[in-house]
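Working notes for the structure below.
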Amino acid sequence: MPWYDEAVFYHIYPLGLLGAPRQNPYGEPRHRLPELVPWLDHLSDLGVTALYIGPLFQSVGHGYETCDYRLVDTRLGTNDDLRDLVAAAHDRGIRVVLDGVFNHVGRDFFAFRDLLEHREASPYRDWFCNVDFGGDNSYGDGLSYDTWGGYDLLVKLNQRNPAVRDYLLDAVRMWVAEFDIDGIRLDAADVLDFDFMHALRAVANAVKPDFWLMGEVIHGEYSRWVNGDTLHAVTNYSLHKALYSGHNDHNYFEIAHTVKRNYDMGGDRVDGLRLYNFVDNHDVDRIWTKLDDKRHFEPVHVLMYTLPGTPSVYYGSEFAIEGKRTPYADDMLRPALDLADFRDSPSAALIAALGAIRRETPALSYGEYRELALTNRQYAFARTLEGGDSAIVSVNNDDSPATVTVDALGRPAYTGALTGRTARAHDGVVDLPMEACSGEVWRPADGAAGEGAADSGAAAAAEAAREAQRRMREDAERRCAEEESRAAEARAAEQELLDRAREAVAREADDGEGRETPELSMDFLLGHERPFEDMTVQELQLSVLAQMAMRGPVTEQMRRDVAENTYHDSLVNWAKSFN
């Protein structure tokens, strides 16, 4: 079997993790890549067998505006640094997959610079899509071109041009020859030319046995990309969404439906459609941030490690760190981290336990999927190998313990790999107990094992898994309590400010010399219900008073200043100034 069929991945965004500057100064190389060697030992502890790392090659800023496919980004180091890092990973039995950004380039790419300089006379004018010398762009170049996502800094390559195709494929050959990589993750694969992907698959088949191609695909029929002629796998964004929203909404039907749809797409065979499973990455909010109930961290990861597909952990999420993108930046998703800050992490211990369970349970990599039980709050399924290994997985998103009764699959008993519990079959079924907000991987406990006996190594592993699960729950409950306490303090402070604002407005109404004061909500006074421009002068005066009161005592002089200002435009600007 190829290595990637049973791989557990770890995803690193190196420019972020290593604290590289946001913009490339194109100066002397800074040797940051060697700092990742200690992380390789951390990956081994987690049971990781493959590293996806990127982007790595010379670029302008965030890394996906490549300007040199043959030179490691000087903010990270040199080609020698990357070669040594890959060798160190291989020494630990960890495969290495790089980012391949082949859909577009940065504006400092040599061919684009030539196009800007020589325009119609450039030999590279056909390297890019839909170049129009009568158009323009946000840089004022006096020409326009196709981009990725409407960003002029990402210039779309014409992959149908044989010269472009050969240039990119030669880069892949060079990466294998010089760095000994084991695969490529294709950025923006959902907009790559299919003929180019066919050519890339032919190169992959030739450069190295079991060379892996995985594509970034957000939406669509995954089987269009995953087949014997194009890619081996794509990103499973449909499951990513279902895993967190299915827990937030207490709706396991969403997860089960997503799994069944993907499984059907692969012809109801586990090897029919290999997908890359994840709960977060460098483009989406961290899983800890997305979960309403942090205790669901456990069942979410149990599912990611046991459902059909290849599991992947994004750096730092094994420590349950926060991270939320903003409309303008992804920096919070890509922080610099120091391993020393996360020693003895309960969540990392849980991830390590799941990595060991997957390694020791071939059915989780190769077994067929069969749904056994499903409600909004409990879900169980089997992963079975014909005539061989099997496992049952159960998860519970409820606040209370639960038990599901499922087909015992002809086995007399099962042992929980995380809890060490034994569940015995009766009348062809088995009752599987679960704690609140938990998950379990049940493995057959035949013969003596059914009586609770086990060799010392298995017993030690089970005990470590139980301890990891216990500590993770305690940590999640503690952090939930802390967050709720902070939220309660914030609500109390907000209420105090609102009460102060209401008092100020009420005093103004009492002193209003008989004028009628409308019933105004605080949302209205703060401009949330109607634009300030649409308010009357009196409403604006009350809004200004309310916002003053939320920031401290309102003096008589302040009240007089507001009352004497009867100019609508001035009051609008005044009300807006508090935001």
Side-chain angles (χ1 to χ4, degrees), residues 45-46 242-252 255 279-280 285-306 311 313-324 332 335 337 341-357 375-380 393-404 416-421 423 432-442 461-493:
D45 293 341
L46 293 180
L243 283 175
Y244 71 83
S245 64
H247 283 85
N248 286 346
D249 298 338
H250 292 285
N251 182 15
Y252 276 146
I255 297 175
V279 294
D280 51 16
D285 295 346
R286 294 276 180 173
I287 185 62
W288 188 266
T289 299
K290 287 186 290 202
L291 290 175
D292 294 338
D293 187 333
K294 309 309 181 187
R295 294 174 299 171
H296 288 155
F297 184 94
E298 179 183 319
V300 161
H301 282 87
V302 168
L303 289 173
M304 187 186 75
Y305 269 81
T306 59
V313 175
Y314 181 48
Y315 84 94
S317 285
E318 73 272 29
F319 305 128
I321 67 172
E322 297 273 5
K324 186 175 182 63
M332 291 296 293
L337 298 181
D341 295 334
F342 300 99
R343 290 194 182 99
D344 201 33
S345 164
S347 50
L350 175 67
I351 298 303
L354 291 171
I357 290 168
T375 68
N376 279 325
R377 295 178 182 244
Q378 289 82 41
Y379 173 34
V393 179
S394 62
V395 287
N396 177 26
N397 67 44
D398 196 71
D399 292 338
S400 302
T403 298
V404 291
L418 285 171
T419 63
R421 287 180 173 179
L432 304 177
M434 294 175 289
E435 298 297 329
C437 302
S438 72
E440 182 60 286
V441 182
W442 300 91
E463 179 59 32
R466 286 194 295 274
E467 177 63 12
Q469 190 180 45
R470 181 190 66 77
R471 291 175 58 220
M472 178 63 214
R473 288 178 186 163
E474 289 179 352
D475 186 59
E477 290 170 0
R478 175 185 61 79
R479 293 175 68 176
C480 284
E482 291 174 351
E483 289 181 14
E484 179 54 36
S485 177
R486 287 194 296 270
E489 291 174 359
R491 288 194 297 270

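- Gln378 places no side-chain N or O within donor-acceptor distance of the main-chain N or O of Thr403, the cut-off being under 3.5 Å.
- The aromatic rings of Phe342 and Phe319 sit parallel to each other, their planes meeting at less than 30°, with 60° as the upper class boundary.
- Glu440 and Thr419 share a side-chain donor-acceptor pair at under 3.5 Å.
- Taking 4.0 Å as the cut-off between side-chain N and carboxylate O, Arg479 and Glu482 do not count as a salt-bridged pair.
- Rounding to the nearest 0.5 Å places NE2 of His296 at 12.5 Å from CG of Leu243.
- Residues Glu474 and Pro346 form no side-chain contact, since every pair of their non-hydrogen atoms from C-beta on lies 4.5 Å or further apart.
- The nearest pair of heavy atoms linking Ala380 to Val404 is CB-CG2, 4.3 Å.
- In this view, Thr306 satisfies the side-chain hydrogen bond (donor to acceptor under 3.5 Å, both in side chains) rule with no residue, not counting sequence neighbours.
- Scanning all heavy atoms of the two residues, the minimum distance from Leu432 to Ala423 falls at CD2-CB, 4.0 Å.
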- Task: Check the pair Leu303 / Val279 against side chain to side chain contact (heavy atoms under 4.5 Å, CB included), numbers first and verdict last.
- Result: CA-CA 10 Å; Leu303 289 173; Val279 294; over 6 Å; no
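- Figure legend: cation-pi geometry between Arg286 and Tyr315, with NZ or CZ positioned under 6.0 Å from the six-membered ring centre and within 45° of its axis.
- Residues Ser347 and Ala320 approach most closely at OG-N, 3.6 Å, considering heavy atoms.
- Within the 3.5 Å criterion, the main-chain N or O of Trp288 finds a donor-acceptor partner in the side chain of Lys294.
- Atom OH of Tyr244 is separated from atom CG of Asp249 by 9.5 Å, given to the nearest 0.5 angstrom.
- Atom CG of Asp293 and atom CD of Glu477 lie 9.0 Å apart (nearest 0.5 Å).
- Nearest heavy-atom pair, Ser438 versus Pro299, reported as atom, atom and distance to 0.1 Å: O-CB, 3.6 Å.
- The side-chain heavy atoms of His301 and Ile287, taken from C-beta on, include a pair separated by under 4.5 Å.
- Residues Met434 and Asp398 are not in side-chain contact: their nearest non-hydrogen atoms beyond the backbone lie 4.5 Å or more apart.
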- Under the side chain to side chain contact (heavy atoms under 4.5 Å, CB included) rule, what do Leu354 and Met304 come out as? Steps first, then yes or no, please. CA-CA 10 Å; Leu354 291 171; Met304 187 186 75; over 6 Å; no
- Message: I'd like to know whether Leu418 forms a side chain to side chain contact (heavy atoms under 4.5 Å, CB included) with Val302, so could you lay out the CA-CA distance, the side-chain angles of the two residues, the decisive distance to 0.1 Å, and finally the verdict.
- Response: CA-CA 10 Å; Leu418 285 171; Val302 168; 4.1 Å; yes
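- Between Asp399 and Arg295 the shortest side-chain heavy-atom distance falls below 4.5 Å.
- A 4.5 Å side-chain heavy-atom check between His250 and Arg377 finds at least one atom pair inside the cut-off.
- With values rounded to the nearest 0.5 angstrom, Glu318 atom CD is found 8.0 Å from Phe297 atom CZ.
- Under a 3.5 Å cut-off, the side chain of Asn251 and the backbone N or O of Ser245 do not form any donor-acceptor pair.
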- Task: Kindly determine whether Leu291 and Val300 satisfy side chain to side chain contact (heavy atoms under 4.5 Å, CB included), including the steps that lead there.
- Result: CA-CA 9 Å; Leu291 290 175; Val300 161; 4.0 Å; yes
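- Side-chain contact of His247 with Asn397: a donor-acceptor pair under 3.5 Å is absent, judged by distance alone.
- Between Asp280 and Asp285, the closest side-chain pair of non-hydrogen atoms is not below 4.5 Å.
- Closest approach of Gly416 and Trp442 over heavy atoms only: N-CE3, 3.4 Å.
- Residues Tyr305 and Ile351 form a side-chain contact, since some pair of their non-hydrogen atoms from C-beta on lies under 4.5 Å apart.
- Scanning all heavy atoms of the two residues, the minimum distance from Thr289 to Gly323 falls at OG1-N, 2.8 Å.
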